[in-house]
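Every heavy atom of this structure was used, including side-chain atoms; hydrogens, water molecules and symmetry mates were not. In listed order, ligands and their atoms are each counted from 1.
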Amino acid sequence: MTDETTAYTPIPAEIKDGFEIRDVHFSYNGSDTEVLKGISFKIKAGEKIAFVGQNGAGKTTLIKLILRFYEPTKGEILLDGINISQFNKQEYRKRFGVIFQDFFKYEFSLRENIAVGNIEEIENDTMINDAAQRSLADQVVAVMTGGIDQQLGRRFAKGQELSGGQWQKVALARAYMKDADVIVLDEPTSALDAQAEYDVFERFIGLTKGKTSIIISHRFSTVRMADRILVLEDGIVAEIGTHEELMAAPQLYEQLF
Ligand code: ADP
């Protein structure tokens, strides 16, 4: 159904039920090792779910399948009951605001880096400034001699390098540029400075208000704000439930924190 010549199923204008991950298996190309070994769970519309687990458990892979960077080798992922492979991939991706761990750093201007979230609005100063303000990227703009049109990157004579914390604010601004239905955050493992981290996190919470969100985090404070927590262990769902439910059963979750 992903063939260009095939008619796509329209994506629901509004997500009503949410996602269902149904017995999903996955191996990376050319590998016999299953990274996901039969994963099943639901993400309700408007729910905030956190994926936790040891390094290599399969959290990022699972998000990449939901974003359609890869297809499950077996099983299916449904959105409001429709297999996501039936949607036009670009249209489908437009519904997501993604803030990735190794977020994309482009050697473009600050404006372009923010507008990547919604490139049609690249000349819309009101919208860009608004996104920058909400994400704290306005602080980055303020310290650049070139302001919003500052060239970024070492390769340019007047190019300016950003710190990890500054890049994160820019990544967040991108997500604010679009009215995404689903917000995905893969939190950096390497710590930014504590204050910057707290500030960005606060803004992130603002962004996810009323929206379906998927969060990968290693930090207890972040995980706590999720409605439910999915504990992955070596490619299977070890536990799923609210923080209270998981704390009540002395298993993996408790050990992780
Ligand atoms: P987590 O996000 O929980 O740390 P990942 O989903 O990144 O886990 O990784 C799960 C497993 O898949 C790991 O064993 C990892 O080495 C492997 N893996 C991740 N990306 C690739 C890739 N592009 N090709 C092959 N194996 C990969």
>> Applying ring-ring contact (aromatic ring centres under 6.0 Å, His included), can you list everything that pairs with Phe108, at least two apart in sequence or on another chain?
In response: Tyr106

> Is a side-chain donor or acceptor of Arg203 paired with a backbone partner of Leu172 at a separation under 3.5 angstrom?
Replying inline: no

> Is there a donor-acceptor pair under 3.5 Å between the side chain of Asn113 and the backbone N or O of Ser109?
Replying inline: yes

>> Using a 4.0 Å cutoff against the non-hydrogen atoms of Asn55, which atoms of ligand 1 qualify?
In response: 4 (O)

> Which residue from Gly56, Ala57, Gly235 reaches closest to atom 10 (C) of ligand 1 through any of its heavy atoms?
Replying inline: Gly56

>> Regarding atom 3 (O) of ligand 1: of the candidates His218, Lys59, Glu233, which has the closest heavy atom?
In response: Lys59

Residue and atom name of the nearest protein heavy atom (relative to [atom]), distance in Å to one decimal:
| atom | result |
| --- | --- |
| atom 26 (N) of ligand 1 | Tyr28 CD1, 3.3 Å |
| atom 7 (O) of ligand 1 | Thr60 CB, 3.7 Å |
| atom 6 (O) of ligand 1 | Thr61 OG1, 2.5 Å |
| atom 11 (C) of ligand 1 | Val35 CG1, 3.5 Å |

>> Among all the protein's heavy atoms, is there at least one whose distance to atom 18 (N) of ligand 1 comes out below 4.0 Å?
In response: yes

> Can a protein heavy atom be found under 4.0 Å away from atom 15 (C) of ligand 1?
Replying inline: no

> Measuring from the heavy atoms of Gly58, does anything fall under 4.0 Å of ligand 1?
Replying inline: yes

> Can a non-hydrogen atom of Gln54 be found less than 4.0 Å from any atom of ligand 1?
Replying inline: yes

Between [X] and [Y], is there a side-chain N and carboxylate O pair less than 4.0 Å apart?
| X | Y | answer |
| --- | --- | --- |
| Asp227 | Lys48 | no |
| Lys211 | Asp181 | no |
| Lys59 | Asp186 | no |

>> Check this for me - ligand 1, Ile216, N or O atoms closer than 3.5 angstrom, yes or no?
In response: no

> Which pairs, with at least one residue in residues 28-43 and sequence neighbours excluded, count as a salt bridge (Lys or Arg N to Asp or Glu O under 4.0 Å)?
Replying inline: Lys37-Asp234

> Is the Phe41-Phe19 ring centre distance short of 6.0 angstrom?
Replying inline: no

